[in-house]
Amino acid sequence: IPTARWVPLAPQGLSMDASKKVDLKIIIIGALGVGKTSLLHQYVHKTFYEDYRTTLGASILTKVLAVDSSPLKLQIWDTGGQERFRSMVSTFYKGSDGCMLAFDVTDRESFEALDNWRDDFLEKVIPREQDFPMVVLGNKIDLSDRQVPEATASAWCKEKDIPYFEVSAKNNINVAEAFETLAKQALSRYKGIFESYLTDSIKLTPNDKPKQSCC
Amino acid sequence: PAALPPAPLGFTDVNLNSRNTYEVSRRRSTPEHLPHGGTAPAEPAPPPQEPAERARHRAGIAGAGSSFAEFFTRNFFTKRTKELKPAVQSAPGWKLFGKVPPRENLPKDSKIIQQEYEARTGRMYKPPPPSARRKNIEFEPLSTTALILEDRPANLPAKSVEEALRHRQEYDEMVAEAKKREIKEAHKRKKIMRERFKQEENIASAMVIWVNEILPNWEGMRATRRVRELWWQGLPPSVRGKVWSLAVGNELNITPELYEIFLSRAKERWKSFSETNSENDTEDAGASVADREASLELIKLDISRTFPSLYIFQKGGPYHDLLHSVLGAYTCYRPDVGYVQGMSFIAAVLILNLEEADAFIAFANLLNKPCQLAFFRVDHSMMLKYFAAFEVFFEENLPKLFLHFKSYSLTPDIYLIDWIFTLYSKSLPLDLACRVWDVFCRDGEEFLFRTGLGILRLYEDILLQMDFIHIAQFLTKLPEDITSEKLFSCIAAIQMQNSNKKWAQVFASLMKDNKEGDKNHSPAPKS
């Protein structure tokens, strides 16, 4: 069997063995202070603290879950949310299988920033594709001073065909549901790539000249 | 308790210190740290032992970050007092304030202290020997004194002769065993004390040198070999802020008055901000992004996330307003940079070591250094140059680990961003971060990257066993028990030479490559 030299779509770390546990990379992005780290910790550790430290660059958590009875390991990348970090953070988009967009329902600007975050992600993620697995989380629904009505957020998401979740990291509302929805989407995309990869490589192999497989 | 020193001694002591460090250490000490040796009444110990003993307690504080400053100054003070008030010096004055060491760095030590405490109380409250029979035993294991009943209580039949004899024999064996053990432990303790004492002496004499010789002749001496070596050992906390200020310099010529001007401007902006509750600033409309990011809310949010475990910068904490002021004034002073996440950590460390205006001056000048400017302006291409230069020295110093990281395509940005942005103050224990800052002030940006390599070297063996995800997790959240001795010996072992090129030259050539275009040269190191 010729070695896989032609790997156009395979994301970083894509496992070529379907029976093996799948590793998926999920990235959570969104404006500063919307609670990205809190959401992640609520999902992974089932805890909520008031005093997370500022996230700079990226930090990574992992969680193993079962989707349709197959084990799935999520590698969740938490990122710094300051506007100007976007170029820096975007280097971490590479190889993502799913993207979680977060905003704060009590902060209108964080919602308005979603467009930018999404565009930036779709522009820079490798490989590029428009129907990339994505979910939107409106966090802090436990607070009373809401600035973004649910209908507004829903409409924005519907228009872009992205599932929307109203969540509270503090009270653990809907957090797991959002992550699992994204995980399922990412998994089915992954499986699609995997299958097309197999067929493509089988198709292409005969024409492939035996070049050096390594550079 | 009767042996505790009069309060004035302690308070004078505090005055010697920076107000800041004192506050911090007071905040940091929690009741559970109070006790053990602390409550033990002073016993008549031979003079050389007493300071050594205190040194041991103090050295325990070293792990507690800024309280290091506190205990050190205290020591210096005690030394001077000793000559004046010999009667007082044997008392453990520092205990008054409850600034007692969290001992996480010295797990074994706390056990020793506990034993010692038990031993002491045992000795203190030991009842007079109950029977004449035991008077001939000159050593008694303290822990057993109260437990052994020589004769049965009166309501029970008395021991037989053989039984009594056997018990006596068993008791003697126990005593001998215990004695042996205690002697061994005493030796161990003594050795530790000697080391601590020596350490304390070193710091004390270093401080005298800094204060009397170096600081008065700063420009002439700062670059001398002797000073540089002393500097590497770590700055005595009481001169730390001063040396940082001098080393960072004031190229920007900021005066305290200028700080006040920018501070009042910041206050005005916050006031109008909270009144209109909008971020459309009347004055500086236009630079909307910078404005938004300089906004009250953003700084506020970040302040609450700065050293949350210290509880001093959060709302209601003693340094909350101070940190707010310094950061706010900076965003007015440098609207082109604005507030950038990570700055709050740097300002916080400076505030812990300097007075407000001095902290601002050092802060603004520090952020004006090329490396800091590149990062805080998020000049991505410049940042990549720094990462590439780092990788050159990474490969040179730790080739095995370098290849290991390469095999996972693990790029340095994953861990370096956090390290460089906050100058390690977020990722290393605070006292250790301060020591990194010490040498960073001496050597410049190069030392930040050298420290990074030192960390990688320190954990090389474990890192080589890890996969991508674990390395990334490990490096973005370093172990908390990292000690300065180990880290600095690893940093010392890192050579900042790449085929006769130093950091600055390597960096310069990477910059040149960029200008020439990426046709022939790749800035990334090739193996």
Side-chain angles (χ1 to χ4, degrees), chain A residues 11-13 23-26 31-38 41 44 49-64 73-95 104 106-110 112-113 116 124 126 145 147 215, chain B residues 279 288-290 292-293 295 297-298 300-311 313-314 337-345 375-381 383-384 387 408-422 426-427 467-477:
Chain A
Q12 198 183 14
D23 269 38
L24 291 180
K25 174 173 169 179
I26 300 292
L32 176 152
V34 301
K36 296 179 291 298
T37 306
S38 298
H41 278 259
V44 174
Y49 301 111
E50 299 282 349
D51 57 351
Y52 285 110
R53 295 188 299 180
T54 306
T55 307
L56 287 160
S59 71
I60 310 168
L61 289 177
T62 53
K63 167 117 178 165
V64 177
K73 188 174 175 190
L74 286 187
Q75 201 185 89
I76 313 166
W77 289 55
D78 188 13
T79 59
Q82 192 170 9
E83 198 81 3
R84 70 175 72 184
F85 285 171
R86 204 181 283 157
S87 68
M88 191 173 86
V89 164
S90 64
T91 60
F92 301 126
Y93 295 170
K94 185 180 62 185
D104 171 357
T106 70
D107 175 5
R108 173 158 277 283
E109 283 183 53
S110 74
E112 286 162 358
N116 282 337
K124 291 182 183 137
I126 304 165
D145 51 339
Q147 288 185 5
C215 38
Chain B
E279 298 181 14
S288 63
V289 175
R292 160 153 165 73
E293 301 201 342
S295 77
E297 243 179 322
L298 193 129
K300 209 178 230 166
L301 174 79
D302 242 20
I303 285 177
S304 70
R305 307 198 287 193
T306 306
F307 298 121
S309 55
L310 291 181
Y311 300 109
F313 296 108
Q314 284 62 42
V337 181
Y339 175 74
V340 183
Q341 290 195 301
M343 282 183 180
S344 62
F345 282 87
F375 274 75
F376 282 107
R377 280 181 162 157
V378 199
D379 181 340
H380 205 198
S381 68
M383 286 166 69
L384 290 175
F387 297 151
Y408 288 115
S409 319
L410 195 140
T411 47
D413 50 352
I414 289 170
Y415 47 93
L416 275 186
I417 285 176
D418 186 78
W419 293 354
I420 303 299
F421 261 101
T422 62
K426 190 171 152 241
S427 25
D467 62 5
F468 176 89
I469 189 82
H470 288 106
I471 296 169
Q473 285 184 322
F474 185 89
L475 293 178
T476 48
K477 197 175 187 306

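Remember, predicted model here, so these are calculated numbers, not experimental data. Computed over heavy atoms, backbone and side chain alike; hydrogens, waters and symmetry mates excluded. Proteins get letters first, then strands, A, B, ... in listed order; numbering begins at 1 in each.
- Contacts of Ile414(B) with chain A are made by both backbone and side-chain atoms, with heavy-atom separations under 4.5 Å.
- Of the listed residues (Gly33(A), Ser87(A), Gly80(A)), the greatest number of heavy-atom pairs within a distance under 4.5 Å of chain B belongs to Ser87(A).
- Ring pair Phe92(A)/Trp77(A) is tilted by interplanar angle, where 30° to 60° counts as tilted.
- Proximity to chain B is limited to the backbone of Thr55(A), based on heavy atoms less than 4.5 angstrom apart.
- Side-chain rings of Tyr415(B) and Phe474(B) stay apart, their centers remaining 6.0 Å or farther from each other.
- For Lys426(B), the parts lying under 4.5 angstrom from a heavy atom of chain A are both the backbone and the side chain.
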Quiz item: Does the pair Phe421(B) and Phe345(B) meet the rule for a ring pair (Phe, Tyr, Trp, His ring centres under 6.0 Å), with working shown?
Solution: CA-CA 9 Å; Phe421(B) 261 101; Phe345(B) 282 87; over 10 Å; no

Practice problem: Run the numbers on Thr106(A) and Asp145(A) for side-chain hydrogen bond (donor to acceptor under 3.5 Å, both in side chains), then give the verdict. | Solution: CA-CA 6 Å; Thr106(A) 70; Asp145(A) 51 339; 4.7 Å; no

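- For the options Ile417(B), Thr411(B), Leu416(B), heavy-atom pairs under 4.5 Å to chain A are most numerous at Ile417(B).
- For the pair Gln75(A) (side chain) and Leu24(A) (backbone), a donor-acceptor distance under 3.5 Å is absent.
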